[in-house]
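Read the structure below first, then the notes.
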4 protein chains.
Amino acid sequence: MIPEQSPKARRIAGRKLKILDAAAAVFADKGYQRATTREIARVADVAEGTIYNYFGNKQGLLLGILQQIVAETGDSIAAIEADDVASLVEQALEARLALSKKHRMLLTFLHEARLNPEVLTFYTTHLRDHLLEVMTERITILHQLGIMRPADARLVARIFLAIVIGFGVQFELGDDAFLAEETPAALARGITDVLLNGLQKPPVGENT
Amino acid sequence: MIPEQSPKARRIAGRKLKILDAAAAVFADKGYQRATTREIARVADVAEGTIYNYFGNKQGLLLGILQQIVAETGDSIAAIEADDVASLVEQALEARLALSKKHRMLLTFLHEARLNPEVLTFYTTHLRDHLLEVMTERITILHQLGIMRPADARLVARIFLAIVIGFGVQFELGDDAFLAEETPAALARGITDVLLNGLQKPPVGENT
Amino acid sequence: MIPEQSPKARRIAGRKLKILDAAAAVFADKGYQRATTREIARVADVAEGTIYNYFGNKQGLLLGILQQIVAETGDSIAAIEADDVASLVEQALEARLALSKKHRMLLTFLHEARLNPEVLTFYTTHLRDHLLEVMTERITILHQLGIMRPADARLVARIFLAIVIGFGVQFELGDDAFLAEETPAALARGITDVLLNGLQKPPVGENT
Amino acid sequence: MIPEQSPKARRIAGRKLKILDAAAAVFADKGYQRATTREIARVADVAEGTIYNYFGNKQGLLLGILQQIVAETGDSIAAIEADDVASLVEQALEARLALSKKHRMLLTFLHEARLNPEVLTFYTTHLRDHLLEVMTERITILHQLGIMRPADARLVARIFLAIVIGFGVQFELGDDAFLAEETPAALARGITDVLLNGLQKPPVGENT
DNA sequence: GATGAATGAGCGTTCATTCAT
DNA sequence: TATGAATGAACGCTCATTCAT
């Protein structure tokens, strides 16, 4: 499974990772535009020129980080095993919110995707569409099982996406006492409750 | 009541607006960082120096645009008159989504707020907190009227905010066929339905 | 003697003076280059454009100030009446040092003269040469009277000039505790003593 | 003792010197403010950005030149060996006047020191105070040896400084036929004579 | 492969001067 | 005559990228 790596190959791979980590840290701090290759090199403890041995240009660093996050995230949603819908939704939301908090690069990514076709394509293809697809699939199944009422799966998927993005952005902007004191898990629970049961008082009976 | 404005005063006010409009257009196109005062001046059809007669620096343009949007938006939410909750929520959502679509600067604003304390303060104070407050108020009233079930008003307000931000971002990134063909009104209706009635099939009775 | 001035002419002359005073203040503070016509206008409480009704350009302000100082200084040296050399020299020195302290523009003038032929010509012609001439004359007379020993009058004049400039510069740079606590009069007395009697212990007799 | 310098290190040191020399030439020509980094780069035959690899900003160039001059000047005064006072004073004066003539930056330095606290500090600390100290020391010794009559050493030191500055300034302004035809040595001799023996005809005896 | 000095186009901003009002 | 908004060339400085070592 693990490819036999020569020490040299391993050293090289390590260096690439070190540069990516440095870039991620600097991008998270300064955003893409304001981050300088000089600072990334300093943080990675390599020379500026070395970066260009591994990445064609600054944008390559961004795409490299995206790739890493996609790989890391993997099929975490598909992998979720849950007995009931509430637990499923909750776990999925929690995982995404935790990711946002960890990388602190959501806004930089989205903003760069907005301005840069190549980054947009990567984001759209590898992150958004994948997410929408997986969610649409799950939702459709839940519809068919009669667990969910038949709303438009595409809309529901986009509502989920909006919530993940919206809370991710709010996390990154910080400065919100309420969000700061809630754990992602607790938030996910609260959001899940609203999404599944709605805000309206049921006409007669009780909910859950 | 309306002050008689001299032609000169009117010309000056017009010029300031022209510069702001140009800046808004260029920011929407290129983002804040990549936008140059050179291009803004060109689009506004003034000399570069003229910009600095009206705004202290580039950031002043950004804050000026924000101010304009805040003024324009006003208390549009508070002003909404609606007989039922669904209609209220729907109108509020629709207004916000339309704004996002019109200005196409949400991501640039949020991103800049993430990096720039002054912009963050403006955003937080004049936009986010105002929105959260108005919404929390409305929600609390609906709770008290027994129309809404008693969820945490602060969380609900943040869910609304997340949805507005999340859909605004998705609009701006474009490239989503589903969103492109839906009107803000239709989207707002769909989202409202999910938020009020929930996704789960009610145990026995009907919804709506 | 005083020309009949119409009120209008007086107002105009007053304005010109106000602008010159403002320019002198700003030049003394910021130097010529860093002084802006905007600030001068602000200090003079006129519009920027008004300056150009009275002076062709920024340099005109500098020459105008020089002219004013020359007029003010006038033939103050020639006017000095003194019984003995010591008193003469002392009064002349004191007057110059006081001027330096008052206007705080010596360095700015000299520096600008160094760079700007027109300013140099003015300075050379109206200030330096006049000073050298008056001094050379006085010195020659003192020689002839047998009061001074026969040194080269041109050199002696330049030594005086050097001392006036040198102390003026030291005043302007500030930061010298010794100079700060001495009055121009006391300094002039000390300098005069050295210049007249020399630093060397006389072979036999006493001095003064 | 002398470190073996790699060719690269030597090239780099050479470049830094080349930039400093270019800056000194342009500053001497245009003054500090009017000198542009563009022109300095052109004269040094490097790209504009290269300057900033060696100096943090334009002011760094000025301080770099000052440092160089200080280093070059070193303890030249302390190093002077002379049998008699006249020769000592003469050599010290001559050295300073020659420096002024060589660098042609005295006025620019002084003017900039007047306006810029950092430059003032450098000037005060490394040039003026050092000079005053060395001179005060020498003078005190001469007093104690009974060679000089007991004038205030602090005043005498400042008179020397004033003369050095005053003649330096007159050199730089040029346009003085008398100064142009005198060598620094001859001038120093003449000035020394005046300073040591005074201008006044001694009451009875002769001087030196 | 690693280095980091060199590059130079391009940035935000300033300010003396002009001129329509 | 007084105004001050408009101008635009020019400034100091940055930084992604290259390439000789």
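Numbered from 1 within each chain, the chains take letters A, B, ... in sequence-line order. Model, not experiment: these values are computed from the prediction.
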What is the distance, to the nearest angstrom, from the [atom1] atom on [X] to the [atom2] atom on [N]?
{"X": "Ile40(D)", "N": "dC13(F)", "atom1": "CD1", "atom2": "P", "value": "10 Å"}
{"X": "Lys18(B)", "N": "dA6(F)", "atom1": "NZ", "atom2": "C1'", "value": "12 Å"}
{"X": "Tyr52(D)", "N": "dT7(E)", "atom1": "OH", "atom2": "P", "value": "15 Å"}
{"X": "Asn57(B)", "N": "dC15(E)", "atom1": "CG", "atom2": "C1'", "value": "17 Å"}
{"X": "Phe55(B)", "N": "dA5(F)", "atom1": "CZ", "atom2": "C1'", "value": "14 Å"}
{"X": "Ile12(B)", "N": "dT3(F)", "atom1": "CD1", "atom2": "P", "value": "15 Å"}
{"X": "Leu62(C)", "N": "dA16(E)", "atom1": "CG", "atom2": "C1'", "value": "15 Å"}
{"X": "Arg38(C)", "N": "dT7(F)", "atom1": "CZ", "atom2": "C1'", "value": "12 Å"}

Handout entry: Donor-acceptor contact below 3.5 Å, side chain Arg114(B) vs main chain Met105(A)
Key = no
Practice task
Using modelled atom types only, decide if a donor and an acceptor are shared between the side chain of Lys30(C) and the backbone of Thr36(C) within a distance under 3.5 Å.
Solution key: no
Practice task
Quick one: the dot-bracket string of DNA chain F, using Watson-Crick and G-U wobble pairs with both distances under 3.5 Å, [ ] for crossing pairs and | for bases paired to another strand.
Solution key: .||||||||||||||||||||
Verify the contact: side-chain N or O of [X] to OP1 or OP2 of [N], cut-off strictly under 4.0 Å; return yes or no.
{"X": "Arg42(A)", "N": "dT3(E)", "result": "no"}
{"X": "Arg15(B)", "N": "dA6(F)", "result": "yes"}
{"X": "Asn53(D)", "N": "dA5(E)", "result": "no"}
{"X": "Arg11(D)", "N": "dG4(E)", "result": "no"}
{"X": "Thr50(B)", "N": "dT7(F)", "result": "yes"}
{"X": "Thr37(A)", "N": "dA16(F)", "result": "yes"}

Completion exercise
Residues of residues 111-122 of chain D with a heavy atom under 4.0 Å from any atom of DNA chain E, listed by number, are none
Completion exercise
In numerical order, the residues of residues 22-34 of chain D whose heavy atoms come under 4.0 Å of DNA chain E are none
Problem - Residue mapping more 5' on DNA chain F - nearest nucleotide basis, Val46(C) or Asp45(B) - result: Val46(C)
Practice task
Using the closest heavy atom to pick a nucleotide of DNA chain F for each, name whichever of Gly56(D) or Glu48(C) lands nearer the 5' end.
Solution key: Glu48(C)
Would you indicate whether the side-chain heavy atoms of [Y] and [X] approach each other to under 4.5 Å?
{"X": "Leu115(D)", "Y": "Thr108(C)", "result": "no"}
{"X": "Leu66(B)", "Y": "His126(B)", "result": "no"}
{"X": "Tyr32(B)", "Y": "His111(B)", "result": "no"}
{"X": "Gln68(C)", "Y": "Asp21(C)", "result": "yes"}

Exercise for the section: Step by step, work out the side chain to side chain contact (heavy atoms under 4.5 Å, CB included) result for Phe109(D) and Ile69(D). Expected result: CA-CA 12 Å; Phe109(D) 272 157; Ile69(D) 292 181; 3.8 Å; yes
Any base atoms under 4.0 Å from [X], or only sugar-phosphate, or nothing? Heavy atoms, all strands.
{"X": "Ile51(B)", "answer": "nothing"}
{"X": "Tyr54(C)", "answer": "sugar-phosphate"}
{"X": "Ala41(D)", "answer": "nothing"}

Practice task
Could you check Arg104(D) against Asp29(D) for side chain to side chain contact (heavy atoms under 4.5 Å, CB included), going step by step and ending with a plain yes or no?
Solution key: CA-CA 8 Å; Arg104(D) 294 177 42 241; Asp29(D) 228 48; 4.2 Å; yes
Exercise for the section: Kindly indicate, with the supporting measurements, whether the criterion side chain to side chain contact (heavy atoms under 4.5 Å, CB included) is fulfilled by Gln33(B) and Glu112(B). Expected result: CA-CA 9 Å; Gln33(B) 285 283 330; Glu112(B) 206 51 32; 4.1 Å; yes
Fill in the blank from the handout: Residue pair Gly49(C)/Gly49(D) against DNA chain E: nearer the 5' end by closest nucleotide is Gly49(D)
Exercise for the section: May I ask you to establish whether Lys16(B) and Phe55(B) are in a cation-pi arrangement, using a distance under 6.0 Å from NZ or CZ to the six-membered ring centre and at most 45° from the ring axis? Expected result: yes
Exercise for the section: Using the side-chain contact (heavy atoms from CB on, under 4.5 Å) rule, pick out the option among Thr37(C), Val43(C), Leu61(C) that qualifies with Val26(C). Expected result: Val43(C)
Practice task
Compare every heavy atom of Ile51(C) with every heavy atom of Val46(C), then report the nearest pair and how far apart it is.
Solution key: CG2-CG1, 4.4 Å
Practice task
List the steps, then state whether side chain to side chain contact (heavy atoms under 4.5 Å, CB included) holds for Leu173(D) with Tyr123(C).
Solution key: CA-CA 10 Å; Leu173(D) 289 177; Tyr123(C) 182 75; 3.9 Å; yes
